[in-house]
Amino acid sequence: ELAERRIRFVSAVTHELRTPLTSLRLYLDLLVSGMIQDEAKRQEYLSTLAAESDRLHRLIDNVLDYARLE
């Protein structure tokens, strides 16, 4: 039972971590490639990058807190 719960937990965590990482990669690639010329769009993308970075940070903190409780 415990092994099964750990497998489900790791699977869920992996999925949750990939989501913001995918967004980070997409927006970074668009900005670095120079495809986004409009300054308002660039600022919007930078705000999205900051938000996704914060989200990733919170997820990692939560996983580490959970690991400490174990």
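Reckoned from all heavy atoms, side chains included, excluding hydrogens, waters and symmetry mates. Remember, it's a predicted structure, so these values are computed and weren't measured experimentally. Numbers here simply count residues along the sequence, with the first being 1.
Within 6.0 Å of atom CZ in R8, more than 12 heavy atoms from other residues, nucleotides or ligands are found, so the atom counts as buried in its surroundings.
Rounded to the nearest 0.5 angstrom, E1 CD and R6 CZ are separated by 12.0 Å. Atom CD in Q43 sits 11.0 Å away from atom OG1 in T48 (nearest 0.5 Å). With values rounded to the nearest 0.5 angstrom, L17 atom CG is found 5.5 Å from L59 atom CG. To the nearest 0.5 Å, atom CG of residue L46 and atom CD of residue E39 are 8.0 Å apart.
The heavy-atom pair separating Q37 from R42 by the smallest distance is O-CD, 4.2 Å. In plain terms, the two heavy atoms of E52 and T19 that are nearest each other are OE1-O, 4.4 Å.
One finds a salt bridge joining D65 and R68 here, because a Lys/Arg side-chain nitrogen approaches an Asp/Glu carboxylate oxygen to under 4.0 Å. Using a cutoff of 4.0 Å between basic side-chain nitrogens and carboxylate oxygens, D29 and R25 are scored as salt-bridged.
By the side-chain contact (heavy atoms from CB on, under 4.5 Å) test, V10 is found to be paired with T14, residues two or more places apart in sequence or in another chain being considered. For E44, the salt bridge (Lys or Arg N to Asp or Glu O under 4.0 Å) partners are K41, not counting sequence neighbours.
A ring-ring contact (aromatic ring centres under 6.0 Å, His included) check over residues 33-54, counting only residues at least two apart or in different chains, returns the pairs Y27-Y45.
Between the side chain of S53 and the backbone N or O of L49, no donor-acceptor pair lies under 3.5 Å.
The cluster map of Ile, Leu, Val, Met, Phe, Trp and Tyr, joined by side-chain heavy atoms under 4.5 Å apart, puts V13 and I7 in different clusters. With hydrophobic clusters built from ILVMFWY side chains whose heavy atoms lie under 4.5 angstrom apart, L21 does not share a cluster with V32.
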Practice task
Report the C-alpha distance between L26 and L30 in whole Å, list the side-chain angles of each, state the deciding distance to 0.1 Å, and finish with yes or no for side chain to side chain contact (heavy atoms under 4.5 Å, CB included).
Solution key: CA-CA 6 Å; L26 171 69; L30 288 171; 4.3 Å; yes
